[in-house]
There are 2 protein chains.
Amino acid sequence: MRNRHGKRCGCYRERHNRWIEPSILFLLYEGTHHGYDLMSRLPDLGFVQDPVDPGAVYRMLRHLEDGDLVKSQWDTTGSGPAKRLYTITEAGKEHLKLWTDALRQRRDSLDEFLKRMQQLEEK
Amino acid sequence: MRNRHGKRCGCYRERHNRWIEPSILFLLYEGTHHGYDLMSRLPDLGFVQDPVDPGAVYRMLRHLEDGDLVKSQWDTTGSGPAKRLYTITEAGKEHLKLWTDALRQRRDSLDEFLKRMQQLEEK
DNA sequence: ATTAATATATGTTAGAAACATATATAAGTT
DNA sequence: AACTTATATATGTTTCTAACATATATTAAT
């Protein structure tokens, strides 16, 4: 949707706030993955628009590694080009826990908002 | 939290995506308000950090008016400086409905994520 | 007279998402 | 052998949103 000045509104285009960070941490909590692999798994997590922007994934992985929340090592075995295998660290697991708490709050306030909206509609 | 390069992470600092738009539309759906009044009611909606940034509120009101989702008129009656009274339009109501659907989806995917997280923790 | 509360508004910076493109290896196809 | 597609990682640029800062005017309270 655009307003009358032609400016994009974006309004009801659904988008989670910083979804990619908890999503990647979650997938790495489940097991070791490399970036390209994460890209294919992210849409399955419900959080994301398809197709996934590779730039977002690789940059987030770098960011997480800078913060010692994940670590990586090159994997030259197997077929295809070399992959960088990522593993979550202890700090990363704690961080995911913080994220989870935040997302729980987020869900609760959404719930509250939706309830109030429904009450209003019923009048 | 900052990473080792001193860059702000922001990571688990909870924040809703574009919360202010549906929140304001919701409050105006309930009844007519002016900006300063909305500012005081927003924290109550759970969506927001306190205190509210006036800039965000007044700019969003302008934006909504540009898109004909709300309309305003000056109110010089009553005490204090003149207020601009905002009313939601029919288009605004429809728009709020779209937002509500989006927020419902948002809540559902959060629910799904939290469930999967819990399952993983129980192992 | 001075300060605080009410009310609206704009400027500027920083952060995040979206969009675009670059590069390299390997596997499959004709 | 040449060409195309899939795998894999990476960076550059633009747009959008949030955060932070400041300006201005009116009225109420001390």
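In the text below, chain A, chain B and the rest are named by the order of the sequence lines, each starting its count at 1.
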field: Nearest-angstrom distance from the residue atom NZ of A:Lys83 to P of D:dT7
entry: 10 Å

field: 5' precedence on DNA chain C between A:Ser79 and A:Gly55 (nearest-nucleotide basis)
entry: A:Gly55

- prompt: Looking only at atom types and distance, does a side-chain atom of A:Thr89 sit under 3.5 Å from a main-chain N or O of A:Leu69, one as donor and one as acceptor?
  reply: yes

message: Classify B:Ala82 by what it touches in the nucleic acid, base, sugar-phosphate, or nothing, heavy-atom distance under 4.0 Å.
response: sugar-phosphate

field: Hphob cluster co-occupancy, B:Ile24 + B:Leu85, side-chain heavy atoms under 4.5 angstrom
entry: no

query: Would one find a side-chain N or O of A:Arg84 under 4.0 angstrom from OP1 or OP2 of D:dT9?
result: no

field: Nearest-angstrom distance from the residue atom CH2 of A:Trp19 to P of C:dA18
entry: 8 Å

Between P of C:dC19 and CD1 of A:Ile20, the distance in whole Å: 14 Å

query: What is the nucleic acid contact for B:Arg62, judged by heavy atoms within less than 4.0 Å: base, sugar-phosphate only, or nothing?
result: sugar-phosphate

query: When the distance from NE2 of B:His33 to P of C:dT8 is rounded to whole Å, what number comes out?
result: 13 Å

- prompt: B:Arg18 CZ to C:dA16 C1': how many Å, rounded?
  reply: 13 Å

task: Round to a whole Å and report the spacing from CG of A:Asp75 to C1' of C:dA26.
output: 15 Å

field: Interatomic distance, B:Leu38 CG vs C:dT6 C1' [rounded to whole Å]
entry: 14 Å

field: Rounded distance in Å - CH2 (A:Trp74) to P (C:dT25)
entry: 12 Å

- request: Could you check B:Arg41 against B:Asp37 for salt bridge (Lys or Arg N to Asp or Glu O under 4.0 Å), going step by step and ending with a plain yes or no?
  value: CA-CA 7 Å; B:Arg41 287 168 192 273; B:Asp37 187 28; 3.2 Å; yes

query: What's the shortest heavy-atom distance between B:Leu120 and A:Phe26, and which atoms?
result: CD2-CE1, 3.9 Å

message: As a test of reading the structure: which of C:dA9, D:dA10, D:dT7 is closest to the side chain of A:Tyr58, going by heavy atoms?
response: D:dA10

message: Counting the atoms with a prime plus P, OP1 and OP2 as sugar-phosphate, which does A:Arg59 contact under 4.0 Å by heavy atoms, base, sugar-phosphate, or nothing?
response: base

message: Minimum heavy-atom separation for B:Asp68 and B:Ala91, please, with both atom names.
response: O-CB, 3.8 Å

statement: Per atom distances to the B:Pro81 side chain, the nearest of C:dT6, C:dA20, C:dT8 is C:dT6

